[in-house]
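Scroll down for the structure; my scribbles are underneath it.
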Number of protein chains: 2
Amino acid sequence: MSTLTNALTTAEAATTTGWSARMLRYVEQLGLVVPPRSASGYRLYGPAQLQRLRTLRELLERSGLELGDVGVALRLRREPELAAALDAWFQTQLETEPRRPQGLPDDSDWLAFEQQKHTQLLEH
Amino acid sequence: MSTLTNALTTAEAATTTGWSARMLRYVEQLGLVVPPRSASGYRLYGPAQLQRLRTLRELLERSGLELGDVGVALRLRREPELAAALDAWFQTQLETEPRRPQGLPDDSDWLAFEQQKHTQLLEH
DNA sequence: GGCACCCTGACACGATCGTGGTAGGGTTGT
DNA sequence: ACAACCCTACCACGATCGTGTCAGGGTGCC
């Protein structure tokens, strides 16, 4: 098998990283570790992906986060409008008066992007 | 009732914000909107909390996030070590060679904090 | 002192998550 | 060509989430 191309197949990657083959596909579906594909569609896990899978394991164990949580964090990284909206919300705490901060343009269209990009993390 | 103290009780806050009383308690349990309490333990929703509840509603509808997702984002805000760990992981993508970045001290104790603070978001 | 409200804790129940398994069909190497 | 792999698409199933409801007990006010 891949003694020359240094890219592992799904089952091989599974055994060396401690995940199951099923979970590797699931992790890919969440957009967390997406390996390139061969011409015929086989997943090809290179050193970068293997490293990513191992450290992901560490991360989950040490932090107590779940896979979906990391997916959310990834989404925040990819959609800065969303992260900004969250930032804004977190700071709605102290303003007990209806004093408008007046440095912002206007908060009427404060978050104007099509939702529903939520479910299609991968365009498959 | 509270025409003088301008702080609403749970049921009142529920009707004016569109949440249910049950959900208000759940949102509090997630640490997202935590109202102060009266001496006898009644929740007192002031204008800040009401605003927070309404904008939280907006946020969820527009972004497609779930309540738990916002909880995770909040956790990232409160635990910068965790956010740093995630940052580190997200950048493990491009290093296809085992070249160590050598600007970092050492990644052996790269994330050393007691887990299990996960379940006790509120110390109750 | 009663009535209307609040609290916590529990059970319930559909929906989603994490994970395994299987079926049906292509690919690869000898 | 045949075994040994890989793929996608399902079904299953326990665990957790989101939400309602109810019981048992305290609080506030007329």
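Here is the naming used below: chain letters follow the sequence lines, and residue numbers restart at 1 for every chain.
- In this structure, B:Thr9 does not reach the C:dC5 phosphate: none of its side-chain N or O atoms is under 4.0 Å from OP1 or OP2.
- Rounded to whole Å, atom C1' of D:dC5 lies 10 Å from atom CD of A:Glu12.
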Sugar-phosphate atoms are those with a prime plus P, OP1 and OP2; base atoms are the rest. Using that split, label each nucleotide of nucleotides 11-24 of chain D B, S or - for protein heavy atoms under 4.0 Å, 5' to 3'.
------SSBBB---
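- Checked against side chain to side chain contact (heavy atoms under 4.5 Å, CB included), A:Thr16 has the following partners two or more places apart in sequence or in another chain: A:Leu8, A:Leu50, A:Arg54.
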Reading nucleotides 25-30 of chain D from the 5' end, what letters show protein touch, with B for base, S for backbone sugar-phosphate only, - for no heavy atom under 4.0 Å?
-BBS--
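- Applying the salt bridge (charged side-chain N to carboxylate O under 4.0 Å, His left out) rule to A:Arg57 yields the partners A:Glu61; only residues at least two apart in sequence or on another chain are considered.
- Note: CG (A:Leu56) to C1' (C:dG18) measures 14 Å, nearest angstrom.
- Between the CZ atom of B:Arg43 and the C1' atom of C:dC7 there is a distance of 7 Å, rounded to whole Å.
- Under the rule for a side chain to side chain contact (heavy atoms under 4.5 Å, CB included), the partners of A:Leu24 that lie at least two apart in sequence or sit in another chain are A:Thr10, A:Ala13, A:Ala14, A:Thr17, A:Trp19, A:Tyr45, A:Leu53.
- By the side chain to side chain contact (heavy atoms under 4.5 Å, CB included) test, A:Ser38 pairs with A:Ser40, A:Tyr42, A:Leu44, sequence neighbours left out.
- What separates CD of B:Glu28 from P of C:dG9 is a distance of 12 Å, to the nearest Å.
- Taking 4.0 Å as the cut-off between side-chain N and carboxylate O, A:Glu28 and A:Arg37 count as a salt-bridged pair.
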